[in-house]
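These notes are about the structure you will find just below.
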Amino acid sequence: QVHLVESGGGLVQAGGSLRLSCAASGRTFSRYVTGWFRQAPGKEREFVAAITWSGGNTFYADSVKGRFSISRDNAKNTVYLQMNSLKPEDTAVYYCAADQDRSMVIRTIKSQYDYWGQGTQVTVSS
């Protein structure tokens with residue numbers, strides 16, 4: 001079993017930066033692909049970024065490529081999402097998720113992820 005807790009959300013002006021953290025409990029967390037998803041009001045939850053267990057491979061949605069960066073520290077059981085050049089359209093609740101069936105292959109469909117955090121709100125003002 002893996003328990004995920006996100007933190008680091010908040011209110012920021014357009015062009016600003018935030019760093020989200022996803023702290024995990026469970027010894028097997030470091031073996032899983034871990035991703036970030038987001039959900040804006042009235043919209044479906046969408047894939048943002050993911051990282052393999054070793055951190056050697058990452059994948060990003062086109063909408064955040066070049067602005068967001070995902071990383072992990074397995075010694076701390078933590079995954080990070082550095083968000084730069086934020087835009088109002090980045091406003092959403094951001095969720096961390098772990099895919100227990102994959103360690104080396106990144107998947108982008110939310111139903112393929114087994115463990116989810118409670119989410120952290122990110123609001124970008126114009």
Side-chain angles (χ1 to χ4, degrees):
Q1 190 73 9
V2 173
H3 182 60
L4 305 175
V5 178
E6 303 95 334
S7 62
L11 173 65
V12 63
Q13 288 188 331
S17 298
L18 282 174
R19 188 196 197 200
L20 305 183
S21 297
C22 172
S25 62
R27 289 177 292 177
T28 56
F29 172 75
S30 62
R31 303 178 191 172
Y32 302 155
V33 166
T34 304
W36 287 94
F37 289 75
R38 67 186 182 185
Q39 187 167 16
K43 295 188 176 181
E44 292 287 321
R45 191 171 300 188
E46 64 176 4
F47 173 82
V48 175
I51 188 168
T52 53
W53 76 274
S54 67
N57 192 22
T58 58
F59 186 74
Y60 298 91
D62 287 343
S63 59
V64 306
K65 201 173 295 182
R67 299 188 297 122
F68 290 12
S69 178
I70 189 171
S71 61
R72 71 190 300 159
D73 184 339
N74 287 337
K76 296 182 179 180
N77 261 10
T78 303
V79 173
Y80 305 97
L81 185 68
Q82 178 66 43
M83 306 186 296
N84 299 327
S85 302
L86 282 161
K87 305 175 182 179
E89 50 263 44
D90 295 318
T91 295
V93 177
Y94 283 71
Y95 297 90
C96 175
D99 181 353
Q100 69 174 0
D101 293 327
R102 293 290 185 271
S103 61
M104 296 291 290
V105 177
I106 290 174
R107 301 191 288 185
T108 62
I109 308 301
K110 58 182 183 292
S111 61
Q112 295 167 327
Y113 285 73
D114 307 285
Y115 301 104
W116 292 85
Q118 84 290 347
T120 186
Q121 177 71 46
V122 171
T123 303
V124 184
S125 63
S126 56

Check [X] against [Y] and note the closest heavy-atom contact, atom names and distance.
X: V64; Y: V48; value: CG2-O, 3.5 Å
X: L4; Y: F29; value: CD2-CE1, 3.7 Å
X: G26; Y: N77; value: O-ND2, 3.3 Å
X: T91; Y: V124; value: OG1-N, 2.9 Å
X: Y80; Y: D73; value: CE1-CB, 4.1 Å
X: G35; Y: Y113; value: N-CE2, 3.9 Å

Mind checking whether M83 and L20 have side chains closer than 4.5 Å, heavy atoms only?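 In contact.
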Looking at side-chain heavy atoms only, is the closest gap between F47 and K110 below 4.5 Å?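 No, their side chains stay 4.5 Å or more apart.
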Listing, residues 8-19 side-chain donor-acceptor contacts under 3.5 Å, not counting sequence neighbours, or none:
{"residue": "S17", "atom": "OG", "partner": "N84", "partner atom": "OD1", "Å": "2.9"}

Cation-pi check, R67 onto Y60 ring (under 6.0 Å, within 45° of axis):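 Because its charged atom misses either the 6.0 Å distance or the 45° angle limit, R67 does not stack over Y60.
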Report, one line per pair, each donor and acceptor closer than 3.5 Å where one atom sits in a side chain of residues 93-101; sequence neighbours left out.
{"residue": "Y94", "atom": "OH", "partner": "R38", "partner atom": "NH1", "Å": "2.9"}
{"residue": "Y94", "atom": "OH", "partner": "D90", "partner atom": "O", "Å": "2.6"}
{"residue": "D99", "atom": "OD1", "partner": "D101", "partner atom": "N", "Å": "3.1"}
{"residue": "D99", "atom": "OD1", "partner": "R107", "partner atom": "NH2", "Å": "3.0"}
{"residue": "D99", "atom": "OD2", "partner": "R107", "partner atom": "NE", "Å": "2.9"}
{"residue": "D99", "atom": "OD2", "partner": "R107", "partner atom": "NH2", "Å": "3.2"}
{"residue": "Q100", "atom": "OE1", "partner": "Y115", "partner atom": "OH", "Å": "3.0"}

Rounded to the nearest 0.5 Å, what separates atom SG in C22 from atom CZ in R72?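 Those atoms lie 9.0 Å apart.
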To the nearest 0.5 Å, tell me how far Q118 CD sits from T120 OG1.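 Q118 CD to T120 OG1: 7.0 Å, rounded to 0.5 Å.
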With a 4.5 Å cut-off on side-chain heavy-atom distances among I, L, V, M, F, W and Y, is there a chain of contacts connecting F37 to L81?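 Different clusters: F37 never reaches L81 through Ile, Leu, Val, Met, Phe, Trp or Tyr contacts under 4.5 Å.
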Check whether I70 and L86 end up in the same hydrophobic cluster, where Ile, Leu, Val, Met, Phe, Trp and Tyr are linked by side-chain heavy atoms less than 4.5 Å apart.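 Yes, I70 and L86 fall within the same hydrophobic cluster.
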For [Y], does its backbone N or O pair with a side-chain atom of [X] as donor and acceptor, under 3.5 Å?
X: S30; Y: N74; result: no
X: T78; Y: A23; result: no
X: Q39; Y: A92; result: no

Could you go through the side-chain contact (heavy atoms from CB on, under 4.5 Å) check for V33 and V105 one step at a time? CA-CA 7 Å; V33 166; V105 177; 5.9 Å; no
Exceeds 12 heavy-atom contacts within 6.0 angstrom, atom NZ of K65: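 Count over threshold, so yes.
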